[in-house]
Structure formats: structure tokens, C-alpha cells
Asker: 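Please see the structure below; I have some questions.
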Amino acid sequence: MNNKILWAVIIAVVVVGGSVFWLNWDISQKKSETSGIQANAQMHLSDDDPRFDSWGKYFPDYLDMYLSVEKQTPKPTDFGGNLSYSKLIRYPQLAVMWAGYAFSADFNEERGHFYAQNDQMSTGRNHKDFLNSWGLKAFGGQPAACMNCHSGWVPWLYKNVAKGDFVAFNTTKYWTMIKNVPLKDGVAPDSEAHRGLHGGTRMGITCADCHNPDDMSLRITRPAAIKAMIARGYQSDPIAGIKASRQEMRTLVCSQCHVEYYFRPTGQKVTVMGESISKDPKAKWWDGKQKTYDEIDIWRSGNQPIEMQANGIELVFPWSEWKKDKPFRIEMLDVYYDKNRSVFADDWIHKDTKAPMLKMQHPESEMYSGGVHAANGVSCADCHMPYIRNGSKKMSQHNVVSPLDDINSSCKSCHTQSESYLRNQVASIQESVAFDLRSAEYAIVSLIVDIKYMREQLGKMPAYQSDGKPDDTKISKALSPILELHRKSQMRADFVGAENSGGFHNPKEAARALLQAVEMAKKAQVLLSEVASANHISFKASDLGFEDMQRFNPGELKWKADVNGHKKGDRFYEEKDVNIAPPKDLIELDKQTNPFDYQALDKKITTH
């Protein structure tokens, strides 16, 4: 009897022990599956190879999510999406606001992180011959600084080509720097494998841009972001770039690129890589001038790297007025850029008004910082990369799309309201901000038309002439406060327009900035009337609206001259689904937005 009891106890202990062991093993497996992290000893990851297939073989589920955009049918949303239509066709007023700048020629809806480098290489804004033939003769070609936020090869190129010299990296010509992407073993330079989207020269954002290869922890890899955050009050960190909590890093890794920035001249010459094509007398640009680089992503036809001297530039985020743990305010840009005018006066001079202008980029980080989600500790990743279930795994969604694509995972992890209610809330906010933005844009275009008219009239007067011809310097001096209002009003409208949430990240700040923009534009028109009165010029302030803007519609992008085998009138883009006309319902939406047609816009809005 005692033996039976003993054996029963032994069996029970074995069963319980085995169960505990199995349970512990299962929990460990689940933890591993949840994090997606395998032991470093099993991985061979390095910044020396950021290609998708090198990192993705260890995290195939994450890679599949990220690459899924390639197989999806592009779709627009009311104020975003990934259908790459021409924003200049949808918003023709932008062509007037950016007159004289490359964005006035080509500006499309973005397609996301995967296509970031491809679209940067393809845009007309990156082609000197095209822009020069288009009438933008001052354009000398983009620098590699433009690559900072588009290519996963940037850290490798910065380290191995620019030898850790950030100024040298930024100053090198874009098309020269991209030629240095390393060849994969057995791959030909002119192959799809090398010049494609999956690890080649057109590869966009990668795992390595945000993750440390040693343990997959989050990190900042872009020097401009690290410098800017230190200027705000963060401490540097040799591994992560800066010291911050994991939750903070789930926002800050996005702040490497989703920001306003500019290229600050260093005032010094720097040695950079050039191209031997600059010494070939037979190599000419469209206008007959000597070619200085080859507008392609590979070395060809005997073209080789050389050393050259160039005026140094550095990618900078204008953040020194924006302190850590404080919300961003639009006036901070006024203060910053005014302080730095002696070094950086403008992005370009407006073709029609001659005002020194600032072009805003994509300031999601700045706008978001003062919003209700930031105040409650919500990170970018919480909404744009929400946790989802994939079998037994809990994973962060890596397709990086709008939260509206999966409201249940993104919004309803915090909000208890119905999906339709939350969707309506977003629509209501974005439509309200869109009304304010259209009001500002229309007011600014009205101002531009009036300034152009006033310049023409003043130019007819001897007091504003030199040698019998209009003197732009004299005219600009007379219009100085008006040109300053044009600069600052358009900066505000551009800030909100370039910010990719349609104002949702911070509707209060968006509305405040746009109200200022309208006020400044109207004030400038009042000052124009005073100039007109003082010079006995007939003047009536313009008040243009939606229908007036349609007159500025540039249509799809086409070659304006016979260039590089292309004929005048040919479509610029080879990709058939890029730079297309926006869907008609989006044009109708814009028509209803300003003046605000609540009966049409509120059809899909409910209060529950």
C-alpha cells in the first residue's frame, strides 16, 4: 500500500513538474513570439547590410506586413491615402503659392515608407535637366541631404562614403551619392536587383533605420535628428542616439523625418565626391552647359568618382526655440528663422511677389506635440503601428498606415465609442481644418495676384526704375512689410498643408496658425491699398475662391522641351499610376469645403 502511495506521489510530482516545465516553456515561447525577438546569437544583423532580405529573414511576419503595400491597390482618403495623384491638380492654388520653386512643377500624394526612395528618385524635383527646361533655370540639382529621410542606405553611405563627415554627406550631389550603394554578391550594377525596391538603390525606409541590430531596441540613426533633440534638451546616448523611455522612442524614431527642416549653409568649402563626367567636354546639360554629374543611380560609360570642392551645407531641424516637454507653437519658427536670416535668408524668392519664402516640409512631430494625444502620452506607434494578433503572436503593425485603416486596433484600444462615431470625429475635424486651410490659401493667392499687379504698376513709374526699366530692389523696398506678411502668412498655411494629418494631430494649433495666415494676408492687402493710394494707382483687393483656383490647374506633368530622348509634350512619369488626376469625388469635396456646404458634408456625419 505504501509503495502504491509512493508511486502515485512520484507520478503526480512528475506530471506537475512536467506541466510546470511545459507551462514555463510555453510562456517563454509566447514572450518570444510577442516581441518577435530571437536570441542575438542566432541572428547575423549589422548596419553594414540594411537590406530587407538580410533583416527580414529573422522577422518574416514583420517584413510581410511592411511589404504588403506593394500588393495593395492604392486608395485615397479624403485628405491622404496612398494613391499618388497630383496634388497640384487637386489644389491648383499651390502652383501659384510656390511659383519659382520646384514644388510648383511636381507634387504628388505620398505612397509611404516603402516607396520613399523610389519616389524621391523619380520626381521631377530631382531632375536638373527637366526643371531647367521647365523654366526653373536656377535649379542646380538636389544634394544628398534630400536623401536623409528617404533611403535606408543613408547610415551606410554616411559612414563609408562620406567617412562620417555629415557636412560632406549632405553637400555631395544626390545622384553622385546614390551611385555608391554597394552591390550584392553576384548582382550586376544595371540589374533590377541592384536598382530595385528590395535592397537596391531604390530601397526606402528599412528595419535598421529604427532598430538596433544587437537587440532590436529602438534608436535614432539620423545625425540631424540627434543634434536637434539635444538642442531641445535631450541627452545624447552612444547606442540609442538620445536618452529617452521606450514609449518616447515610439514617437522620436518617427521624428527623424516627420519634421520641418532646411539646409543650412556652413560658409565653408568641403571636399566631396564628384564625377569625372564633369571633365568630359561632350557631356552637356539640356541648355548646353557642362554636365557636372550623371542623372542616374549607377556609374556608367567610364564615369568615375573624383574629389571636388563645394560650398558646405548641413541638414538642420529649426528646433532650438522648441524646448523639451513643451508644445510646439508656430511663432517659434518666426523667431528661429528671423534669428538665422544672416545665414539662411530663404528657401527661394517667389517668382511673382519677389518675397523671400520659406517652404515647410512635413511637420507632424511639431504639430502633434501640442495635441491631446501627446498630452496623454500616446505615441505615434500606438496609432499608426497598433498591436495586432497574428495567430498566437502579439505584433506591432508594420505597414505604417492611417489609423482609419484599422480603427479597432488603433483607436478603440483607448476609445469606447463606436467605429462609425470615431470615423465621423476624424472627418469632422479634418473638414473643419480643410475649410480654414482653403480660406488661408485663397487669401494668399489673392494677395499674390495683388502684389504682382502692384509691382507691375510701380514699375511703370520713374521713381521705381533704373535706366528706364523696373527696378525690383526699389519696388521690393517699397513693399517690404507686405512681402514680409506674404512670407509669414504662407509659411503658416504651408505648415498646416504639409502636415499629413489634415490637422487632426492638433486641430487647435492648426486653426490658430491658419487664422493668423488669413489675418496676415488681409492686412497685407490693406497695406497694398495704402501704397496704391500714395502712388495714385487704381486698386481693388482680390477675393478669389474655388472656381478661380481651377484656372491655375497645371494638368499632368509633361516635358516642355525635347530633353534626353523625351519629346516636348510627353508625359514625364513612366509609372502610369503616378501624377494622375485625383478622383472626382475629392475635387467635389474641395468644392463643398469652402464655402462650407454643411448639407453636403454632413450627410455622412452622425452624432452617435
Side-chain angles (χ1 to χ4, degrees), residues 24-72 112-117 150-160 181-187 192-194 196-222 237-241 246-247 249-250 252-254 256-257 379-382 384-401 409:
N24 183 64
W25 175 86
D26 186 62
I27 291 173
S28 298
Q29 285 294 105
K30 289 296 189 297
K31 285 183 177 180
S32 176
E33 290 175 349
T34 296
S35 64
I37 305 302
Q38 300 183 35
N40 186 49
Q42 299 174 354
M43 298 190 298
H44 303 281
L45 299 180
S46 167
D47 285 329
D48 290 335
D49 184 3
R51 294 180 179 92
F52 292 133
D53 57 359
S54 299
W55 287 59
K57 64 184 177 183
Y58 298 105
F59 309 102
D61 293 332
Y62 289 94
L63 182 61
D64 286 347
M65 281 190 285
Y66 183 72
L67 297 181
S68 64
V69 66
E70 211 178 359
K71 301 176 183 178
Q72 295 170 348
H113 294 151
F114 176 70
Y115 289 103
Q117 174 71 346
H150 295 97
S151 175
W153 283 110
V154 165
W156 189 94
L157 294 168
Y158 166 52
K159 174 184 175 183
N160 294 281
V181 167
L183 284 169
K184 194 174 182 180
D185 291 343
V187 171
E192 171 63 23
H194 180 62
L197 297 160
H198 291 265
T201 58
R202 290 180 179 266
M203 181 180 72
I205 308 307
T206 68
C207 314
D209 290 318
C210 302
H211 291 284
N212 189 312
D214 294 332
D215 58 8
M216 297 305 288
S217 60
L218 295 174
R219 63 173 179 173
I220 309 298
T221 59
R222 298 303 195 262
D237 183 271
I239 304 299
R246 184 174 184 277
Q247 182 66 0
M249 290 295 281
R250 283 166 58 83
L252 295 179
V253 291
C254 304
Q256 297 184 93
C257 294
S379 73
C380 299
D382 288 326
H384 293 275
M385 303 176 70
Y387 288 111
I388 59 172
R389 300 298 304 185
N390 182 5
S392 63
K393 302 176 184 178
K394 177 184 177 183
M395 306 174 66
S396 177
Q397 171 59 269
H398 271 59
N399 199 7
V400 198
V401 293
S409 297

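Values below: every heavy atom of this structure, side chains too, minus hydrogens, waters and symmetry copies. Note that the coordinates shown come from a computational prediction; the quantities given were computed from them, not determined experimentally.
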Asker: Give the minimum heavy-atom separation between L45 and S54, together with the two atoms involved.
Answerer: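 Scanning both residues completely, I find the closest heavy atoms to be CD2-O, 3.5 Å.
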
Asker: Quick one: does any side-chain atom of S396 pair with a main-chain N or O of M385 as donor and acceptor, under 3.5 Å?
Answerer: yes

Asker: Could you measure the distance from the NZ atom of K57 to the NE2 atom of H44? Nearest 0.5 Å is fine.
Answerer: 7.5 Å

Asker: Have a look at Y387 and tell me which of M395, K394, Q397 forms a side-chain contact (heavy atoms from CB on, under 4.5 Å) with it.
Answerer: K394

Asker: Between L197 and E192, what is the shortest heavy-atom contact and its length?
Answerer: N-OE2, 4.4 Å

Asker: If only atom types and distance count, is the side chain of W153 paired as donor or acceptor with the main-chain N or O of G199 below 3.5 Å?
Answerer: yes

Asker: To check you understand the geometry: which heavy-atom pair defines the closest contact between T206 and F52, and what is its length?
Answerer: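 In terms of heavy atoms, the two residues are closest at CG2-CE2, 3.8 Å.
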
Asker: Is any side-chain heavy atom of R250 closer than 4.5 Å to one of D382?
Answerer: yes

Asker: Quick one: are H398 and F59 in side-chain contact, heavy atoms under 4.5 Å?
Answerer: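 No; the side chains remain at least 4.5 Å from each other.
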
Asker: Can you tell me if Y66 uses its side chain to pair, donor with acceptor, with the backbone of I205 under 3.5 Å?
Answerer: yes

Asker: Tell me, do I388 and M65 make a side-chain contact under 4.5 Å, heavy atoms counted?
Answerer: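 Yes, at least one pair of side-chain atoms sits under 4.5 Å.
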
Asker: Within the distance-only criterion (no hydrogens, no angle test), does the side chain of Q117 pair as donor or acceptor with the backbone N or O of G152 below 3.5 angstrom?
Answerer: no

Asker: Is any side-chain heavy atom of D47 closer than 4.5 Å to one of P155?
Answerer: no

Asker: Can you tell me how far the CG atom of N160 sits from the CG atom of D48, to the nearest 0.5 Å?
Answerer: 6.5 Å

Asker: If only atom types and distance count, is the side chain of Q256 paired as donor or acceptor with the main-chain N or O of D209 below 3.5 Å?
Answerer: yes

Asker: Any chance you could measure Y158, atom OH, to T221, atom OG1, to the nearest 0.5 Å?
Answerer: 11.0 Å

Asker: The test is side chain to side chain contact (heavy atoms under 4.5 Å, CB included); show your working for Y115 and R202 and say whether it passes.
Answerer: CA-CA 8 Å; Y115 289 103; R202 290 180 179 266; over 6 Å; no

Asker: Do the side chain of R219 and the main chain of H211 share a donor and acceptor less than 3.5 angstrom apart?
Answerer: yes

Asker: Taking the side chain as every heavy atom from C-beta outward, state whether M203 and P50 have any atom pair closer than 4.5 Å.
Answerer: yes

Asker: If every non-hydrogen atom of M249 is compared with every non-hydrogen atom of L218, which pair is closest and at what distance?
Answerer: CE-O, 3.5 Å

Asker: When rounded to the nearest 0.5 angstrom, what distance separates CD1 in I239 from OG in S217?
Answerer: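 It is 8.5 Å, given to the nearest 0.5 Å.
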
Asker: Is H113 close to V69 at the side-chain level, that is, under 4.5 Å between some pair of heavy atoms?
Answerer: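 No. Closest side-chain heavy atoms not under 4.5 Å.
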
Asker: Nearest 0.5 Å, please: how far is OG in S409 from CZ in R389?
Answerer: 11.0 Å

Asker: Over all heavy atoms of both residues, which pair between V187 and A193 is shortest? Give the atoms and the distance, please.
Answerer: CG1-CB, 3.8 Å

Asker: Do W55 and L63 come close enough that some side-chain heavy atom pair is under 4.5 Å?
Answerer: no

Asker: Looking at side-chain heavy atoms only, is the closest gap between P182 and R51 below 4.5 Å?
Answerer: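 Touching, per the 4.5 Å side-chain cut-off.
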
Asker: Would you give the length of the straight line joining atom SG of C207 to atom CG of N212, rounded to the nearest 0.5 angstrom?
Answerer: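 Reported to 0.5 Å precision, the distance equals 12.5 Å.
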
